[in-house]
2 protein chains.
Amino acid sequence: MTVKIELPDNTKYDINIESLKQIKLDTKVVVVTNPTISALHLDYVMQHIQAKEVSVVTVPDGEEYKNMETIDMILTHCFEKRLDRKSVLIAFGGGVIGDMTGFAASMYQRGIDFMQIPTTLLSQVDASVGGKTGVNNKFGKNLIGAFHQPIEVNIDPYFLSTLPKREFAAGVAEIVKMAVTFNKDFFEWLEQNDLNSEENIKTAIAKSVETKAWVVSQDEKEKGIRAALNYGHTFGHVIENETKYSTYLHGEAVGIGMVMANELAVKVGMMSAQEAQRIKTLLEKYDIPTDYEIKDVEDFYEHFFLDKKSMDNKIKFILPKHIGDCEITDAIEKERVMDVLKGFAH
Amino acid sequence: MTVKIELPDNTKYDINIESLKQIKLDTKVVVVTNPTISALHLDYVMQHIQAKEVSVVTVPDGEEYKNMETIDMILTHCFEKRLDRKSVLIAFGGGVIGDMTGFAASMYQRGIDFMQIPTTLLSQVDASVGGKTGVNNKFGKNLIGAFHQPIEVNIDPYFLSTLPKREFAAGVAEIVKMAVTFNKDFFEWLEQNDLNSEENIKTAIAKSVETKAWVVSQDEKEKGIRAALNYGHTFGHVIENETKYSTYLHGEAVGIGMVMANELAVKVGMMSAQEAQRIKTLLEKYDIPTDYEIKDVEDFYEHFFLDKKSMDNKIKFILPKHIGDCEITDAIEKERVMDVLKGFAH
């Protein structure tokens, strides 16, 4: 099946959720990937690409390499292959590969096209939609980047067959996030259906992509409702930062972050404790972590201010009012937040 | 006077050609400048900026520092000052400062606003219009960058009072370029009027900016006629590259490049020798260099292929048919080009 994306600035592209079709490009192509995914599936993908010239650049695997040095490595490869302004980069891997490939494409000769072939559940449902690209630096996550839309996204569920169980669960966390923020019916469907079935995961990917596509088309540059997609991220980013991106997968940190956000929402009287519990139960069903030990609550709180969504000395929280309906607010008192944090300082 | 820019994607901004007015911004502001311009005019500019918080980052002066390291320096300053998504960068200096400030603004938190206060004639007539930002790398000039439009450009002719004569002439070269490529009447006006008069230079800046603004509004992403603005640049970039950006100012290299392009245009029967001479005479009137000694013509030719406009194994030349009317062509035989190059291998 295909989800059609259309943005306010007239950018249009397709997200195909199906077995990979033949990709035909009358240009030079560079496939950006990492050693892990390359070992498993590069042959399969290469058989599906026809282009003037195809080369592969393999970058180190992991969030800790999502930085300007790796961007430089990708760009150097492109210059050595003499890519021109019509050339196309193909991101073949998870969210880190997608974010870096898109950012490199955005700046090579002031912008060339790129295509996504996301291989993790997380990147299939989340990172491949919306055009957010970028890298981390010592100040935090995704602080440097560009908005750059792909020309096409090809989501082949086949890649999930080799995905570690933990990474699958991390992807489910983002699916749950999408449902809680925008779609009550989808949430109820998730409570009733097991995503370990192939048919169900396809449906869930499509529903997530459609939901995100709708949000992004309303708000490409994140000036309004798109910020709600950061539900779970305000807390999640601090957790990732504190644990130096090495303990939790992004989706896992977001999972914990959603539980923290829910507790805050309950604490300020926004959401019922019962709804918060339903969300937690769904996360636990997929063994998504929901607990985290905060060592220093003051330090944790201070870390919020390094997040780019809250540099204006205000912290922006995305809190559910109900399942399927969120509020973006920067008017939460520090005391209420500290109450929640203290609950995690076992 | 004010030139109003309106781009196809609805971006709008003003270019003010007049004494600097009070700049009022209800945000944090970072002024990016270099030691040379800072020593001369920073106090003057700071007196004209009112904002929530203003800080200054001074980066090394010169084309050789137009690289990712300097971008990193600017970004680090912005992170340390905790700029948020509403903050504004102000480029205060010549084209190098403008290109780097714009590029840094394009990627800080995936894009924040920036304003231009260009201080050299070259950046006033050329670099401050069009949204091209970027840096050089070991493969060539401006090969990494972004299209990012300023929110406002303030051209204060006062800064020209301290501009070295050579830099003034380099700016005139770009003015001549604008006239030859698009505006015959303007060229004739230039033949008849001395740009050393303050009134005339204002008029020339306004005419250049208007011409470029019209071209850019037709073709923001340089898919068509905007490429004609690279007249003189195909040769000029090679000259800059061969001389490691240390012998000629950019405008000077473009001056020589225009003479080379004209000789090629004459050689292939496109332009009359008489019109080529008129252009050369105008350049010489301002002591703009028109000659260059090519040491190795084969090597010079090879260098064309490292230019980003010609990576597809074809060299794109912008050649005048008449003054005020150019043609973009990639169908010039190597032999004809070599004939011209040999003429410069004294």
Side-chain angles (χ1 to χ4, degrees), chain A residues 8-11 27-28 52 67-69 71-72 74-76 78-87 99 102-112 130-135 137-140 142-148 220-223 227 305-314 316, chain B residues 8-11 27-28 52 67-69 71-72 74-76 78-87 99 102-112 130-135 137-140 142-148 220-223 227 305-314 316:
Chain A
D9 67 358
N10 289 326
T11 312
T27 60
K28 288 189 186 181
K52 242 185 201 173
N67 55 35
M68 284 307 287
E69 285 69 45
I71 294 293
D72 193 48
I74 298 169
L75 292 172
T76 298
C78 296
F79 285 113
E80 282 169 357
K81 294 291 170 187
R82 289 193 174 188
L83 260 56
D84 62 28
R85 287 182 171 168
K86 286 175 185 152
S87 303
D99 282 8
F103 190 32
S106 84
M107 68 172 86
Y108 186 82
Q109 297 195 18
R110 298 201 188 92
I112 60 171
K132 278 190 180 181
T133 74
V135 294
N137 69 0
K138 65 176 175 183
F139 297 96
N142 295 318
L143 288 178
I144 299 177
F147 284 92
H148 194 55
E220 189 184 349
K221 295 286 170 70
E222 196 170 327
K223 313 232 167 197
F305 296 99
L306 281 178
D307 186 80
K308 68 181 168 309
K309 281 121 210 146
S310 42
M311 279 201 172
D312 202 15
N313 289 320
K314 282 182 177 178
K316 203 177 269 178
Chain B
D9 68 357
N10 289 326
T11 311
T27 60
K28 287 188 186 183
K52 242 186 199 170
N67 55 35
M68 285 307 288
E69 285 69 45
I71 294 291
D72 193 48
I74 298 169
L75 291 173
T76 297
C78 296
F79 285 114
E80 283 169 356
K81 293 292 171 185
R82 290 193 173 187
L83 260 56
D84 62 29
R85 287 181 169 167
K86 287 175 185 152
S87 303
D99 283 8
F103 190 32
S106 83
M107 68 172 86
Y108 186 82
Q109 298 195 16
R110 296 201 190 92
I112 59 171
K132 279 191 182 182
T133 74
V135 294
N137 68 2
K138 65 176 174 182
F139 297 96
N142 295 320
L143 288 178
I144 299 177
F147 283 93
H148 194 57
E220 188 184 350
K221 296 285 170 70
E222 195 168 329
K223 314 232 167 193
F305 296 99
L306 281 178
D307 187 80
K308 67 182 171 306
K309 281 118 210 148
S310 41
M311 278 202 174
D312 202 14
N313 290 320
K314 283 182 175 177
K316 203 176 269 179

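In what follows, every heavy atom counts, from backbone to side chain, and hydrogens, waters and symmetry copies are set aside. Naming: A, B, ... by sequence-line order, numbering from 1 per chain.
Thr76(A) pairs by the side chain to side chain contact (heavy atoms under 4.5 Å, CB included) definition with Asp72(A), Glu80(A), Phe139(B), not counting sequence neighbours. For Ser106(B), the side chain to side chain donor-acceptor pair (under 3.5 Å) criterion is met by no residue, not counting sequence neighbours.
Nearest heavy-atom pair, Asn142(B) versus Arg110(A), reported as atom, atom and distance to 0.1 Å: CB-NH2, 3.6 Å.
Here Met107(B) contributes atom CE and Phe103(A) contributes atom CZ; the two are 4.5 Å apart, rounded to the nearest 0.5 Å. With rounding to the nearest 0.5 angstrom, the CD atom of Glu69(A) is 9.5 Å from the CE atom of Met68(B). Between atom SG of residue Cys78(A) and atom CD1 of residue Ile144(B) there is a gap of 10.0 Å, rounded to the nearest 0.5 Å.
If you measure heavy-atom distances from Leu75(A) to chain B, the contacts under 4.5 Å come from the side chain alone.
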